[in-house]
Amino acid sequence: SEGYLYLKQTAGTISAPTPINSTAAQQSVPNNIKKETKPTTVNNAIFISYRRQDSPNTTGRIYDQLVQKFGRESVFKDVDSVPLGVDFRKHLDESVGKCKVLLAVIGDNWHDERKNDGNSRFLDPRDFVRIEIESALTRNIPVIPLLVRGANMPNEKDLPNSMNELSFRNGIPIRPDPDFHNDIERLIDGLEEILK
């Protein structure tokens, strides 16, 4: 019952201001008309990995902000659509393999969440979040931990060996209002550097 959001840039464009070098050219553009912009083709993807039982509302807000920035027409949102009859491990691995960066949303219950038998979900190699993060780490895809709801970075000793590296990845907190938008701007700035 895990979910993931897959933000895909497949032929989207981001407009960047075109520099105008001459004073005459600047004067020829009326103040009430936007200056010409130069579209930049982007072929990248952002994969958002999260636990629905841990941080669905905050993850939804993060997702909405990324959609607003990178364009809704370029977004593929998928929570529960692993096709019937396929190996979900391979499906998740292939989906992560298409991205250029993975955002691991870590809430206050992200690590301590238990299965019905009382064992940590991370001890289960079939755990969706574990598969997603392992796949990104194995492929050397940047993984950015997003700490929400006051969560701390997980300690390497509390993670499976295959996920130890996550505890050393540089992440950022995404705090509630009034700090939320400042934190999102910082995240977007970092993503734009990665997605160049």
Side-chain angles (χ1 to χ4, degrees), residues 1-9 44-63 66 76-176 183-184 186-187 190-191 193-195:
S1 60
E2 297 308 322
Y4 59 85
L5 302 176
Y6 183 43
L7 173 58
K8 188 176 183 182
Q9 302 281 114
N44 297 300
I46 299 169
F47 192 107
I48 304 180
S49 174
Y50 74 107
R51 291 198 185 283
R52 286 196 298 166
Q53 296 86 345
D54 175 54
S55 54
N57 295 334
T58 305
T59 300
R61 289 191 72 190
I62 294 169
Y63 172 77
L66 294 179
F76 175 66
K77 180 178 180 180
D78 193 343
V79 177
D80 276 328
S81 67
V82 177
L84 295 176
V86 305
D87 186 327
F88 63 84
R89 298 168 301 177
K90 292 180 180 178
H91 178 80
L92 292 176
D93 181 65
E94 290 170 0
S95 296
V96 172
K98 296 174 184 176
C99 78
K100 195 167 183 181
V101 59
L102 183 141
L103 305 180
V105 183
I106 299 174
D108 54 351
N109 197 39
W110 181 83
H111 179 268
D112 294 329
E113 190 169 318
R114 305 281 169 172
K115 299 191 303 179
N116 292 336
D117 60 9
N119 291 320
S120 169
R121 299 190 70 138
F122 282 123
L123 295 179
D124 185 354
R126 297 171 298 178
D127 177 61
F128 278 21
V129 170
R130 175 175 173 173
I131 292 171
E132 292 161 3
I133 294 175
E134 284 176 342
S135 178
L137 293 174
T138 300
R139 296 170 184 268
N140 294 317
I141 292 171
V143 177
I144 304 175
L146 303 184
L147 305 176
V148 304
R149 296 166 53 101
N152 296 314
M153 281 292 293
N155 193 300
E156 61 175 320
K157 68 179 179 61
D158 297 323
L159 296 171
N161 290 337
S162 57
M163 292 177 60
N164 280 352
E165 191 180 338
L166 176 66
S167 63
F168 300 101
R169 294 298 176 106
N170 191 25
I172 63 172
I174 303 294
R175 297 165 293 179
D183 293 341
I184 288 295
R186 183 182 170 200
L187 171 63
L191 290 174
E193 286 297 313
I194 294 172
L195 300 177

From CA spacing to verdict: side-chain contact (heavy atoms from CB on, under 4.5 Å), Ile46, Leu191:
CA-CA 9 Å; Ile46 299 169; Leu191 290 174; 3.7 Å; yes
More than 12 heavy atoms of other groups within 6.0 Å of Asp87 CG
yes
Within a radius of less than 6.0 Å around CZ of Arg139, do more than 12 heavy atoms belonging to other residues, nucleotides or ligands occur?
yes
For Asp127 and Arg51, run side-chain contact (heavy atoms from CB on, under 4.5 Å): C-alpha distance rounded to whole Å, both residues' side-chain angles, the deciding distance at 0.1 Å, then the answer.
CA-CA 10 Å; Asp127 177 61; Arg51 291 198 185 283; 2.7 Å; yes
Answer whether the closest heavy-atom distance between the side chains of [X] and [Y] falls below 4.5 Å.
X	Y	value
Asp93	Thr138	no
Glu134	Pro125	no
Ile141	Cys99	yes

Smallest separation among heavy atoms of [X] and [Y], with atom names:
X	Y	answer
Ser49	Ile133	OG-CG1, 4.4 Å
Ser167	Pro154	CB-O, 3.1 Å
Leu166	Met153	O-CE, 3.4 Å

[X] side chain to [Y] main-chain N or O, any donor-acceptor pair under 3.5 Å?
X	Y	result
Asp54	Asn109	yes
Ser135	Glu132	no
Ser95	His91	yes

Suppose the criterion is salt bridge (charged side-chain N to carboxylate O under 4.0 Å, His left out): which pairs have a residue in residues 160-170, not counting sequence neighbours?
Glu165-Arg169
Working note: Asp183 + Leu146, criterion side-chain contact (heavy atoms from CB on, under 4.5 Å); need CA distance, chi angles, decisive distance, verdict.
CA-CA 10 Å; Asp183 293 341; Leu146 303 184; over 6 Å; no
Let me see the working for Asn152 and Leu147 under side-chain contact (heavy atoms from CB on, under 4.5 Å), right down to the final yes or no.
CA-CA 7 Å; Asn152 296 314; Leu147 305 176; 5.8 Å; no
In Å, rounded to the nearest 0.5 Å, how long is the span from [atom1] of [X] to [atom2] of [Y]?
X	Y	atom1	atom2	answer
Leu195	Lys100	CG	NZ	6.5 Å
Asp158	Asn164	CG	CG	10.0 Å
Thr59	Arg52	OG1	CZ	11.5 Å
Ile131	Phe88	CD1	CZ	5.0 Å
Ile62	Ser55	CD1	OG	7.5 Å
Trp110	Arg149	CH2	CZ	14.5 Å

